[in-house]
Amino acid sequence: MSAPASWSAGVPFPRATYEGGGWSDGRLGQAYDLIAAVIEDRGEKSFGHPLLSEIEAMDAERAIA
């Protein structure tokens with residue numbers, strides 16, 4: 001999955017992007033949302049967070065397989 005221009009500009013994807021087929025596995029998209037919310041609740045920046053990057057990598061691997 002290649003990142004759209006908005007992602008590289010620091011703007012997170014809208015939920016509809018992965019629910020409409022942007023994510024290979026909707027469960028990974030849901031996990032991403034939940035983990036991002038916890039990270040933000042802790043006062044950390046979620047964009048570019050290593051854990052979220054790993055989830056994105058898992059989704060990309062699944063798309064290739």
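In terms of heavy-atom proximity, I39 sits nearest to K45 at CG2-O, 3.9 Å. Here the closest non-hydrogen pair linking I55 and L28 is CG2-O, 3.7 Å.
Residues passing the side-chain hydrogen bond (donor to acceptor under 3.5 Å, both in side chains) test with E40 are S46, sequence neighbours excluded.
Interatomic distance, S53 OG to F47 CZ, rounded to the nearest 0.5 Å: 8.5 Å. To the nearest 0.5 Å, atom CD of residue E54 and atom CD of residue E61 are 8.5 Å apart.
The hydrophobic clustering, which links ILVMFWY residues whose side-chain heavy atoms are closer than 4.5 Å, places L51 and V38 apart.
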